[in-house]
Trainee: 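One structure follows; several queries about it will come next.
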Amino acid sequence: MGGRSNRSSHQATEILKAFWQHEVSKPFIAFLGLFIVSAVLSPAFLTPYNQRVLALQTAPLALLAFGESMIILMGSIDLSPGSTMALAGTVAAITFVHYKQPLAIAFLAGIAIGALVGFINGLLVTKAKIPSFVATLAALVAGRGMVLILTGGQPIVGLRAFGVLTMDIGPLPTMVWLMFFFTVLNFFLLTYTRWGRYIYAIGGNEEAVRCSGINADLIKLMTFTLAGCYYAIAGLMMDARLEVAYPWTGWGAELDAIASSVLGGIQLTGGVGSPIGPFFGAYVLTLITNVLILMGVNPFYQWVVKGIVLVVAAIALTRGLRYVK
Amino acid sequence: MGGRSNRSSHQATEILKAFWQHEVSKPFIAFLGLFIVSAVLSPAFLTPYNQRVLALQTAPLALLAFGESMIILMGSIDLSPGSTMALAGTVAAITFVHYKQPLAIAFLAGIAIGALVGFINGLLVTKAKIPSFVATLAALVAGRGMVLILTGGQPIVGLRAFGVLTMDIGPLPTMVWLMFFFTVLNFFLLTYTRWGRYIYAIGGNEEAVRCSGINADLIKLMTFTLAGCYYAIAGLMMDARLEVAYPWTGWGAELDAIASSVLGGIQLTGGVGSPIGPFFGAYVLTLITNVLILMGVNPFYQWVVKGIVLVVAAIALTRGLRYVK
Amino acid sequence: SLYLAPAPGKKKLTFALLVSNLGNPYFVMLKDGAEAAVKELKAKGIEVELIVYDAKDDPDLQVRQIEEAIAKKVDALLINPVHKEAILPAVRDAVKAGIIVITTDRDIADKSLRVFFTGTDNVYGAELAVKALIEALEKSGKPKPWKIVILHGIPGTTAAEDRKKGFHNVLDPLVKKGDVKIVAEEIAYFRRDKGLEVMESILARTKEIDAVICANDEMALGAIQAIEGAGLVPGKDIIVVGYDAIPDAVEAVKAGKMYATIAQSPFLQGYWAVMGAYYIVVKGWKPPKDFIPTPVVVVTKANVGTFSEEVAKPKPLPGAPSE
Amino acid sequence: MSRSTPVLETIELTKVFPGVVALDRVNFDLLPGEIHGLVGQNGAGKSTFVKILNGILRPDSGKILIDGKEVAIPNPATAKRLGITLIHQEITLVPYLTVAENIFLGREPIVKKHIFKYIDRRELFRRAEEILTTLGVDIDPKAKVKDLNVGEQEIVQIARALSENARIICLDEPTSPLTPKEIERLFDIMRTLKKQGRSMIFITHRIEEVFQICDRVTVLRDGKKIATVKVSEVSPQDIVKMMLGRELAEFYVKREPRVEEIEKVSKVPTLEVIDLWVTPERVTEVPLKGISFKVYAGEILGVTGLLGAGKTELGKAIIGLGRITKGKVLIEGREVKIRGPVDALKHGIVYIPEDRRREGLVLTMSVKANISLPSLYKLCKYLGLIDLGREEEVARYWIKALNIVTPSTKTKVANLSGGNQQKVSLAKMLEVKPKIVILDEPTFGIDIGAKVEIRKIIAKLADEGLAVILLSSDIDEVLSLADRIVVMRDGMKVGEFINKNVSREDIYKLMVG
Ligand SMILES: Nc1ncnc2c1ncn2[C@@H]1O[C@H](COP(=O)(O)OP(=O)(O)OP(=O)(O)O)[C@@H](O)[C@H]1O
Ligand SMILES: Nc1ncnc2c1ncn2[C@@H]1O[C@H](COP(=O)(O)OP(=O)(O)OP(=O)(O)O)[C@@H](O)[C@H]1O
Ligand SMILES: [Mg+2]
Ligand SMILES: [Mg+2]
């Protein structure tokens, strides 16, 4: 008996060890820790309603984080998620409201415009050889301008039909299911396909990738485009949640998307990180705001606490480095 | 005669060539080009009043850009300039208005708080080993929270005395002289001092710097601190210009500061760029906004034009690279 | 006394005040009013808790905050919406959960969801502001057509859009008549520093400007800085009118730099919202009308000393039940 | 073309970089089943040549012929299609991917299921295992490349090239990071490939290797082809002469060991290490187990051992870049605590790293700025202002003293050849006027002419009274320079000799164990 229990405890240790070494362990632990602390700090936190709200709030950010994390994995950066999501949301709304197209066409139009913005970003980086920071900064600025021009600064109303995304399917709203779906898709894409491997490889050593005869520019272009689609879906989700296309949707979201990636264990230098880490990163970020509000922390202090939590989470994630940039 | 003129024309070619190879040539040409285009497009552009306004608007941004560019030269990034300038402006105002300290003390208090924020950023990067993007993102968030807490969200009035900064000395306001002074100082610091040399070296190859027995952490700490002081001075300038400490001063300024650095030819990967480039970068950025208003361009289109100009300027700056990140 | 003691076993009241942006002093006054009401209720021995949320002008954040307030099972939501449409789904959830909703300062699009709205009509206020401006121009004897600059707030926000509408309601006919020429219409995002920089550039284009009308005081104060910087005298060379009557602006009116600003009563908007919620939840009060307008005052040098009496002191809620 | 048409031919191939003609009208031919050596000084254009053949660089003019037909090779993918592959001089692997993924990067086996196409991981690892077995190495295909040492990484690069089944394999200095045993293995494989009719271009700085394996050898100098000769028809001296354009009397600087006299004069060793234990911080590093030695002023201590014996760790541990768990370091008889290179410098110890590009030089900066970097404090008069005149003087002094070939003091180090970079790396640390110099593989990847020069410099340092620690896997280098020799294996000291009457073989036996 003693021997057997010893052995199974040994096995458990092994599993625990394997888990610890896995890239997603740290973000997951950070998430779990915050979750437990939140539950202790606020009795309202664990209610089904609040958990549902949390999931709804996380969904668009998770999509942004998935897109952003792919770009960061390639060693680039993307400042355009916020503007892209707004532009996609606007175009979908216009297609639906002004051009009276069916919902599916409106959604597709939104996603197409997201893809287009991503594609242009990709072209600027690979063909015009503008560093992604600058190229996507231009997209951030110009994209918001496009939204303002298209909307005339006025929110586009009449999007009750977008409610298919917030409507429940079984226990959860569609968009939460969508978030789970994209988490799985993202994992699959980055782990099991060539494209995903090349994304990691480009972030790890772009020179090596190019010397292997891989068309790194094409991979980058495809990845920026896909990221644009992800942002667009986030934009549709925001339309559905607000029931309007609001021209300032996603203002400042680039920092949230990057922070989610980093909190999800994606290294800013590229090449390292779990594909599902950003999901936990996005959850953590939403959770912080949620619980601070639940606890009724003074809004001004919320900013400070958020800064501190960011630092603490970052310290937990980046231990063991000799130095960082 | 012919021989002599030939020779002097040869000399001129040499000088031109030397200029072209200089790092600051491209940002300068970009600046000059935009300046000329602006003068052609708008008759109001060249008026002394407008030039004065331009200089006044550029001054705080130039200070932010100098601080930011030092950090970028080290291969790091700083998202905190906006919050730091606001915090420094707030603290200076409080010291002056609430604690009724003399102006000099108020200014020093503001600069000290800027230095402190920079120092904390530096500590987070060097000691806690948090990547600068995350560390300064935390500072961005927490810093703004501090401003809101200190001001209660209300501007602090009664800063007439800060007018020493906007007052004319000879043909130009003090703060414009200050901008020139800091341009020279920054050039001097980065070109002729050990500290400056180390900043470039860390950006070029931090590993080599460390193996050479140089205390890279100390240099980083000092540089973040100095950058904080620069941001603080920008904050004092904004106080003086508004005659109040406005709690939303510098909101979003990090992107402007980074864009100024990049337009000034500072490479985001670190180690390369002229110390006075960011001055031209800041000027270009201010100039774009200015001339778009002068021309009466629809405010919504201003965003789009700004994005396009960013792309064009970036293309001019980054030609000749095999690939970028 | 016994009379004032809370009923035994009566649970504590919890109200959530959802403010659009506490970075703006105007909304701080709204919060102050709400807190004054709470203090007054507490003094009567009624256990009330007020939770204040700051949406930082972000409708998504406000939606989240509403959702969180629902999760906390508050008794009433006192909402100062960031956007009239954007938060509707969340408000619907709140109503479904049996929570009383009151809107303050700004209303929401679906009026059936809230019990009452207390606040001012921004379009109306903006019209008053422009009328004050025209009046000043007439008094100044400046030759027609008057050259006017408009500075707008953040596009898409209700305040910005309503005030834009109000400005144009009055100005457009005058433009047609040839009395007014709009020389520049820019966006300064409700921010003082933007107001300064934008106005500077406008002044570089032309100094022949008679008046500036701004969608809030922060921008107006920035514009005044720019006017002074250009060596002109605000109030004399260029007449400036703002909106909101924040303390700085009131000072500027006193100093003659700003001709007028519009004082709404954010204090009463907050105060009445809390009092109304209390009456409804505890006393089953039914407000006689679903719009309870708070006083709007054009603040000029003439009434600058007294207007705060009208707007920043607790006043009984019109139609309130007796204690 | 008496025997058969060449598989590859270049005609007047030219490549110009800003400021340098890297290749100057090079005519070259490669026969089927031939191993063709390519030698030349650092910067002669060898790597440039093979990079052009692999589509990594584009030539400015000239033709490339494959099987007699002209081809354009605009990118690596085209090269691979033409059956050309390259084992890079630098490690070009993706550190965070596994060995298997690196070997098959770009050629992953794919499974198709309906519309899904995904990587067949099992097949991937199986194939990787297979190819590693044929190479006779014991590397886990599932290991991440970053966890391998440099020698193993080189083998992964070789495995990748082999798995491509290319007809023309370019090997750019593949042997530098390998142990003698591994080199033998590589040569065996090359001979097998040759039998299969494949052709190889083999670049090396070790002339003896050319004579072991090559059929013909082409010598490049300053981008120009000097000659192509049959190996059987020339001597090593001939080749060196063609490379350098001058005679090189001896490849090794001979130095008379003088341990006894030094020990008599200075009774206290300049540096003494007692029972040093180091735990590695990363997987690639070798733990050190109880190392002790002494170095006196004016003495060269040669530390030798195979790659991976722990020499680099020893050097780094002394300057505080290693987690010392036990042991003492004494300088002139007094125990010191060195927590990093900053402390080391204070005590007069400098370390010149083996990986000069990564750890030695700031490539974006000028020769001048690199030389003055660690000693800037000496060039500053007040306010931290650099005395630019003095800086220039110092740079000129070292350029002259070490015979550094550079257009000017302002040239970026990135544009110097390997040997000259190494000299800059030496100069910068010598300018701080240390008491103790630790040189880690100072002649690694350096051409034979520069090697001799650097060895002379090392000898001179000792003559000037410095204590020198020479970490080198080149036994002959150690034998010709050192006064005392320490042999290491697996992080342990396995022998210490006074360099008198010791034979190469004794040392080699100890090295391999
Ligand atoms: N990308 C580049 N830009 C500028 N100059 C270059 C570049 N690559 C190589 N060079 C220069 O071209 C010349 C030939 O370099 P190459 O790398 O081919 O030399 P090599 O013979 O391989 O030398 P080594 O033995 O040191 O590897 C050198 O002078 C080098 O400095
Ligand atoms: N920081 C590092 N990053 C990557 N590889 C390293 C690092 N440090 C050491 N190595 C490599 O790990 C292997 C083992 O190193 P070690 O220093 O113990 O051996 P060594 O005897 O010094 O070998 P070498 O002759 O290569 O210096 C070597 O190939 C070395 O180059
Ligand atoms: Mg080479
Ligand atoms: Mg070594």
Side-chain angles (χ1 to χ4, degrees), chain A residues 42-54 56-58 60-61 85-86 144 147-149 151-160 162-163 166 237-253 286 289-303, chain C residues 14 16-23 27-28 31 49-74 82-94 96-97 108-110 152-158 160-162 164-165 187 189:
Chain A
S42 165
F45 181 77
L46 276 181
T47 55
Y49 177 79
N50 191 54
Q51 287 307 310
R52 186 193 157 84
V53 161
L54 226 123
L56 272 171
Q57 293 174 357
T58 306
L61 182 56
M85 81 187 274
R144 187 63 60 180
V147 172
L148 289 173
I149 292 170
T151 59
Q154 305 269 8
I156 301 170
V157 298
L159 303 184
R160 274 317 265 278
F162 279 44
T166 45
M237 289 180 173
M238 286 308 296
D239 277 5
R241 265 171 70 70
L242 301 176
E243 288 182 13
V244 299
Y246 178 67
W248 295 98
T249 289
W251 181 243
T286 320
T289 317
N290 175 272
V291 77
L292 289 177
I293 296 176
L294 284 185
M295 288 169 60
V297 173
N298 171 328
F300 293 167
Y301 283 89
Q302 287 183 20
W303 290 76
Chain C
T14 317
L17 176 67
L18 297 116
V19 186
S20 61
N21 185 3
L22 278 180
F27 296 112
V28 177
K31 189 192 84 179
E49 194 200 349
L50 184 75
I51 310 162
V52 182
Y53 297 94
D54 176 10
K56 304 186 184 98
D57 270 334
D58 177 353
D60 178 45
L61 182 56
Q62 188 158 61
V63 167
R64 292 199 232 166
Q65 290 169 339
I66 294 172
E67 284 164 347
E68 263 127 19
I70 298 171
K72 294 191 77 170
K73 299 196 165 59
V74 297
V82 173
H83 186 264
K84 60 177 180 244
E85 308 266 358
I87 62 164
L88 284 184
V91 175
R92 255 180 226 122
D93 284 349
K96 251 186 256 162
I108 48 176
D110 187 345
H152 291 300
I154 301 171
T157 56
T158 319
E161 299 301 333
D162 284 354
K164 184 177 179 181
K165 205 160 146 205
I187 298 171
Y189 303 93

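Residue numbers begin at 1 in each chain, while the letters A, B, ... track the order of the sequences.
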Trainee: By a 4.5 Å heavy-atom criterion (distance strictly below it), what part of A:R160 contacts chain C: side chain, backbone, both, or neither?
Mentor: side chain
Trainee: If you tally heavy-atom pairs under 4.5 Å against chain C, which of A:V157, A:T151, A:T47 wins?
Mentor: A:V157
Trainee: With a 4.5 Å cut-off on side-chain heavy atoms, are A:V244 and A:I156 touching?
Mentor: no
Trainee: For chain C, find which of A:A44, A:P155, A:G152 contributes the most heavy-atom pairs closer than 4.5 angstrom.
Mentor: A:P155
Trainee: Name the region of C:D58, side chain, backbone, both or neither, that has any atom closer than 4.5 Å to a heavy atom of chain A.
Mentor: neither
Trainee: So, C:E49 and C:K72, do they make that salt bridge, N to O below 4.0 Å?
Mentor: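 No.
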Trainee: Could you tell me whether the side chain of C:R92 reaches within less than 4.5 Å of the side chain of A:E243, counting heavy atoms only?
Mentor: yes
Trainee: Which region of C:I70, side chain (C-beta onward) or backbone (N, CA, C, O), has a non-hydrogen atom less than 4.5 Å from a non-hydrogen atom of chain A, or is it both or neither?
Mentor: both
Trainee: What distance separates C:Q62 CD from C:Y53 OH, expressed to the nearest 0.5 Å?
Mentor: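 If we round to the nearest 0.5 Å, C:Q62:CD and C:Y53:OH are 11.5 Å apart.
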Trainee: I need the minimum non-hydrogen distance between C:A90 and C:V63, along with the two atoms involved.
Mentor: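 Answer, listing the atom of C:A90 first, then C:V63: CB-CG1, 3.9 Å.
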Trainee: Hey, does C:L17 have a side-chain heavy atom less than 4.5 Å from the side chain of C:I51?
Mentor: no
Trainee: Side chain from CB out, backbone as N, CA, C, O: work out which of these in A:F45 comes under 4.5 Å of a heavy atom of chain C, or both, or neither.
Mentor: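 Nothing of A:F45, per the 4.5 Å heavy-atom cut-off to chain C.
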Trainee: Need one label for C:E161: side chain, backbone, both or neither, based on atoms under 4.5 Å from any heavy atom in chain A.
Mentor: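 Side chain of C:E161 only, per the 4.5 Å heavy-atom cut-off to chain A.
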